[in-house]
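Here's the structure, in structure tokens; my notes come after.
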Amino acid sequence: MREINITLPDGSKASYPPGVTVTEAISSWHKEKLKSAIAARINGVSVDLSRPLQNGDALELIDVSSEEGLSILRHSISHVMAQAVQDIFPGAQVAIGPSIESGFYYDFEYGQAFAPEDLEKIETRMKEIVAAKHPFQRRELPREEAMAFFRERGEPYKVELINDLPGDVKTVSLYGQGGYVDLCRGPHISSTGKIKAFKLLNVAGAYWRGDEKNKMLQRIYGTGFATDKALKEYLHLLEEAKKRDHRKLGRELDLFQINEDAGQGLIIFHPRGTVLRNLIEDWEKKEHKKRGYEMVMGPQILKAELWKRSGHFDHYRDNMYFTEVEGQSYGIKPMNCLSHMLIYKSKIRSYRDLPIRYFELGTVHRHEKTGVLHGLMRVRQFTQDDAHILCTPSQLNAEIRAIADFVGYAMKIFGFDYEVELSTRPKDSIGSDEEWEMATAALKEAMRDNGMSYEINEGDGAFYGPKIDFKLKDALNRKWQCATIQCDFTLPERFDLSYIGEDGEKHRPVMLHRVILGAIERFMGVLIEHYAGAFPLWLAPVQAVLLTVTDKFIPYGEEVLGRIADAGIRVEKDFRNEKLGYKIREAQLQKIPYMLVIGDREMESGQISPRQRDGQNLGAVGVEAFTSLVREKCARFE
RNA sequence: GCCGAUGUAGCUCAGCCGGUAGAGCAACUGAUUCGUAAUCAGUAGGUCCGCGGUUCGAUUCCGCGCAUCGGCUCCA
């Protein structure tokens with residue numbers, strides 16, 4: 001029999017007997033590579049290590065250290081988990097079980113709820129399966145046979161999955177290990193024995209196929225890594241992330257509360273939280289003014305009739321609150337655009353006036369479902385740094401690009417990385433196809449011109465137009481939408497907005513809805529987690545605290561306090577009869593940037609000794625030297 | 001809204017099989033006058049989330065509600 005030629009991962013060629021598998025080929029090449037190899041790619045297609053090679057195949061290895069390798073490992077662990085669940089809970093039906101960014105999950109239908117304690121039992125069983133070193137075996141079946149197979153095994157979800165495959169799919173692949181068989185494209189690891197480190201994390205409900213009309217299944221989340229060390233590191237990271245939770249820090253740093261008696265999703269800002277919020281808002285006002293925005297303010301409630309005209313009543317009603325005033329129905333605003341359009345309409349506009357940029361720190365109310373509320377991130381009343389830009393179609397591109405630059409600038413100031421998505425037309429929407437296409441194209445072009453990369457989020461646009469969304473991540477890597485740019489041809493139409501063009505004729509302006517930080521509440525939540533509560537100097541609610549060594553220095557301390565406060569620095573005092581170490585510890589836990597120590601030496605020389613939050617002592621300095629240092633450090637932000 | 005878990009002092013948490021509750025920190029009082037992450041002692045503090053039910057008796061068992069947490073769906 002003639003040998004077949006293979007291109008090895010390093011580009012070299014080798015000949016093997018026909019039917020040679022990936023594992024066999026690699027064994028004779030660099031055997032040690034098999035230790036950390038999870039799967040392989042043949043001519044660019046991911047396959048199992050047991051896959052036989054054909055003449056002319058180009059072979060690559062997928063190592064467990066690669067993103068794809070880890071994902072394959074986790075996917076295999078999810079199969080092992082499914083096996084363990086069915087061993088312990090006979091009759092549990094399996095739905096889907098993919099690997100995800102930080103691990104994997106598997107969805108099950110089972111008569112009773114899995115308790116958190118059950119996870120331990122499942123883990124124990126999984127360890128047995130791993131110890132047994134069951135090989136993962138692939139086989140292919142015609143789709144009809146596969147459907148019959150799963151029907152017989154009492155797995156209706158698998159039957160449905162196969163049934164919904166595209167018509168041209170004639171065969172499907174199954175993977176089995178230790179008596180468990182799953183519908184799966186693969187590839188998988190060669191044996192359960194390759195699994196070294198995993199942990200089941202939590203149980204949650206999840207709708208079948210993500211549709212709330214469908215049955216709710218039970219989802220078990222877990223994670224897995226190539227080594228025990230990596231797993232431990234990840235679990236440690238999770239613990240650390242919990243310490244950054246803005247809800248925890250909000251209480252510890254006395255920033256805000258959410259009070260059960262006051263209502264869900266409603267934020268009550270404490271003095272320090274209010275300082276932080278005002279600093280952010282002041283920064284916004286300054287930056288908007290620089291960029292040609294005019295500040296405006298609209299009312300909190302507007303007649304329901306007006307919301308009908310805008311389309312909100314038909315398309316956004318479920319999220320709105322209504323109230324009645326002297327027999328008239330009013331809608332509490334969920335968005336700020338209506339007032340802004342009325343301002344535009346208050347007089348005849350010329351093309352020379354455009355673009356017009358109205359900016360409002362607009363407080364809105366939206367009825368969010370109970371289960372989605374989340375600290376500052378998802379609330380029922382929030383304030384947007386909202387603006388509406390009315391411009392001619394030819395100005396659109398420059399306006400969108402300027403906003404995107406503004407967002408980029410803001411993110412740099414606050415130190416964030418972000419992801420960009422383009423959200424297209426949703427099912428429930430207003431406007432013509434043509435308008436949607438123009439609007440979507442305008443957003444795409446502006447992003448292209450700005451050299452931005454983005455993902456497409458199909459069908460996730462606002463009901464009146466497509467949008468560019470900027471997403472920030474919280475401590476647990478959950479994404480939150482903050483900035484957004486929405487292009488709208490339809491509301492100007494509905495409100496009959498116009499301007500007089502060069503030709504003396506009436507024309508329709510285009511409207512951009514946009515926020516930079518988004519909801520101030522949400523932004524603060526992300527900000528708190530981003531800095532773990534240790535705000536940069538310019539944002540710190542308390543920038544410095546004066547600490548006396550003993551009571552003796554209180555009069556001098558009071559004098560210094562006055563001088564520092566007069567310099568515009570947010571300073572507090574801790575003149576309590578406690579040891580210095582105690583006061584330092586407390587200031588440290590409050591994450592105050594500067595602790596200013598006052599004792600004998602300082603009183604004599606008329607100085608203070610600043611200690612930085614990072615533990616560094618600056619030594620004795622004059623009060624004015626300190627205040628100018630702080631002012632200098634804040635100058636570029638204020 | 002849906003699935004699951006949780007709800008005890010300001011905070012973090014104990015509390016067995018039903019017999020009306022404890023610790024540490026914080027607070028308050030006193031002593032100490034102290035130099036860069038916790039001085040000592042004492043005192044006070046609770047509708048055990050709420051409302052019903054079972055029981056001689058419920059923080060504990062059951063039901064309903066409210067809220068929080070993790071997800072799903074939905075969104076800034």
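Chain letters run A, B, ... following the sequence lines, proteins first, then strands; residues in each count from 1.
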May I ask you to say what A:Gly581 touches in the nucleic acid, namely base, sugar-phosphate or nothing, with a heavy-atom cut-off under 4.0 Å?
-> sugar-phosphate
Please report, rounded to the nearest Å, how far the P atom of B:rU36 is from the CD1 atom of A:Ile608.
-> 18 Å
Calculate the interatomic distance between A:Ile598 atom CD1 and B:rG35 atom C1'; express it in whole Å.
-> 13 Å
Just by distance, with hydrogens left out, do A:Arg601 and A:Ser609 show a side-chain donor and acceptor under 3.5 Å apart?
-> no
Could you check how far CZ of A:Phe553 sits from P of B:rG35, rounded to whole Å?
-> 10 Å
Could you give the distance separating B:rU39 and B:rC25 at their P atoms, to the nearest angstrom?
-> 11 Å
Would you indicate which nucleotide in B:rG35, B:rA67, B:rA37 comes nearest to any side-chain atom of A:Arg601?
-> B:rG35
Short side-chain N/O contact to B:rU36 OP1/OP2 from A:Arg613, under 4.0 Å | no
Under 3.5 Å, is there an N or O donor on one side and an acceptor on the other linking the side chain of A:Gln257 and the base of B:rG10?
-> no
How about A:Gln486 and A:Asp488: does a side-chain donor come under 3.5 Å of a side-chain acceptor?
-> no
Round to a whole Å and report the spacing from CG of A:Asp118 to P of B:rG4.
-> 13 Å
Mind checking who B:rG4 pairs with, Watson-Crick or G-U wobble, both distances under 3.5 Å?
-> B:rC69
Nearest of B:rU68, B:rU73, B:rU33 to any side-chain atom of A:Gln264?
-> B:rU68
Geometric cation-pi criterion, A:Arg317 with A:Phe313: 6.0 Å, 45° = yes
In the strands shown, is B:rC74 matched to any nucleotide by a Watson-Crick or G-U wobble pair with both distances under 3.5 Å, and which?
-> none
For A:Arg514, which contact category applies under a 4.0 Å heavy-atom criterion: base, sugar-phosphate, or nothing?
-> nothing
Sole residue of A:Arg514, A:Arg357, A:Arg291 in salt bridge (Lys or Arg N to Asp or Glu O under 4.0 Å) with A:Glu399 | A:Arg357
Indicate yes or no for a side-chain donor-acceptor contact from A:Arg366 to the backbone of A:Pro334 under 3.5 Å, with no hydrogens or angles considered.
-> yes
Atom CD of A:Glu123 and atom CZ of A:Phe198: how far apart are they, to the nearest 0.5 Å?
-> 5.5 Å
Distance in angstrom units between A:Glu109 CD and B:rG4 P, rounded | 13 Å
Would you mind pulling out the nucleotide paired to B:rG10, Watson-Crick or G-U wobble, both distances under 3.5 Å?
-> B:rC25
A:Glu117/A:Lys121 salt bridge by N-O under 4.0 Å criterion = no
Testing B:rA27, B:rG71, B:rU39 for proximity to the side chain of A:Lys579, the answer is B:rU39
Considering just the side-chain nitrogens and oxygens of A:Arg251, establish if one lies under 4.0 Å of OP1 or OP2 belonging to B:rG10.
-> no
NA contact type, A:Phe523, heavy-atom cut-off 4.0 Å: base, sugar-phosphate, or nothing?
-> nothing
Indicate, with a heavy-atom threshold strictly under 4.0 Å, whether A:Gln612 touches base, sugar-phosphate, or nothing.
-> nothing
From the candidates B:rA37, B:rC2, B:rU33, the one with an atom nearest any side-chain atom of A:Gln588 is B:rA37
Is the distance from OP1 or OP2 of B:rG4 to the nearest side-chain N or O of A:Arg219 less than 4.0 Å?
-> no
Name the nucleic acid region contacted by A:Asn202, choosing base, sugar-phosphate or nothing; use a 4.0 angstrom heavy-atom cut-off, strictly under.
-> sugar-phosphate
B:rU29 and B:rG35: how far apart are their C1' atoms, nearest whole angstrom?
-> 27 Å
Atom CH2 of A:Trp208 to atom C1' of B:rG71: distance rounded to whole Å?
-> 18 Å
For B:rA27, take OP1 and OP2 only and decide whether either is under 4.0 Å from a side-chain N or O of A:Arg576.
-> yes
Whole-Å distance between B:rC72 C1' and A:Gln218 CD?
-> 13 Å
Given A:Glu109 and A:Trp208, is the side chain to side chain donor-acceptor pair (under 3.5 Å) satisfied, shown in steps?
-> CA-CA 9 Å; A:Glu109 184 183 336; A:Trp208 166 237; over 6 Å; no
If pairing requires Watson-Crick or G-U wobble contacts with both distances under 3.5 Å, which nucleotide is the partner of B:rU39?
-> B:rA31
Going by atom types alone, do A:Glu572 and A:Gln590 pair a side-chain donor with an acceptor below 3.5 Å?
-> no
With the criterion being N/O to N/O and under 3.5 Å, what pairs connect the protein with nucleotides 74-76 of chain B, and how long is each?
residue : atom : partner  : partner atom : Å
B:rC74  : O2   : A:Arg378 : NH1          : 3.2
B:rC74  : O2   : A:Arg378 : NH2          : 2.4
B:rC74  : N3   : A:Arg378 : NH1          : 2.9
B:rC75  : OP2  : A:Asp460 : OD1          : 3.3
B:rC75  : O2   : A:Arg378 : NE           : 3.4
B:rC75  : O2   : A:Arg522 : NH2          : 3.3
B:rA76  : OP1  : A:Lys467 : NZ           : 3.2
B:rA76  : OP2  : A:Lys467 : NZ           : 2.6
B:rA76  : OP2  : A:Gln481 : OE1          : 3.4
B:rA76  : O3'  : A:Gln481 : O            : 3.0
B:rA76  : O3'  : A:Gln481 : NE2          : 2.7
B:rA76  : O3'  : A:Cys482 : O            : 3.1
B:rA76  : O2'  : A:Gln481 : O            : 2.3
B:rA76  : O2'  : A:Arg522 : NH1          : 2.3
B:rA76  : N6   : A:Glu368 : OE2          : 3.4
B:rA76  : N6   : A:Val379 : N            : 3.4
B:rA76  : N6   : A:Val379 : O            : 2.6
B:rA76  : N1   : A:Val379 : N            : 3.3

Donor-acceptor pair between A:Tyr358 and A:His388 side chains, under 3.5 angstrom | no
Consider the side chain of A:Glu260, meaning its heavy atoms from C-beta on, and name the nucleotide among B:rG71, B:rC34, B:rC66 that approaches it most closely.
-> B:rC66
Can you tell which of B:rA27, B:rC2, B:rG35 lies closest to the side chain of A:Tyr582?
-> B:rA27
Between the protein and nucleotides 41-45 of chain B, list every N/O to N/O distance that falls short of 3.5 Å.
none

Could you check how far CG of A:Leu618 sits from C1' of B:rG35, rounded to whole Å?
-> 16 Å
By the Watson-Crick or G-U definition, both distances under 3.5 Å, B:rC61 is matched with B:rG53
Kindly indicate, with the supporting measurements, whether the criterion side chain to side chain donor-acceptor pair (under 3.5 Å) is fulfilled by A:Thr548 and A:Lys573.
-> CA-CA 9 Å; A:Thr548 42; A:Lys573 63 179 178 185; over 6 Å; no
Which nucleotide, in any strand shown, forms a Watson-Crick or G-U wobble pair with B:rC16, with both distances under 3.5 Å?
-> none
Does A:Tyr110 make a side-chain N or O approach to OP1 or OP2 of B:rC3 shorter than 4.0 Å?
-> no
How would you label the contact of A:Glu578 with the nucleic acid (heavy atoms, under 4.0 Å): base, sugar-phosphate, or nothing?
-> base
Centroid-centroid under 6.0 Å between A:His530 and A:Phe414 rings | no
Any side-chain N or O of A:His374 less than 4.0 Å from the OP1 or OP2 oxygen of B:rU68?
-> no
Ranking A:Ala113 and A:Gly599 by the position along RNA chain B of their nearest nucleotide, the one closer to 5' is A:Ala113
State whether A:Lys471 and A:Glu455 are salt-bridged, where the test is any N-O pair (Lys NZ or Arg NE/NH1/NH2 against Asp/Glu carboxylate O) under 4.0 Å.
-> no
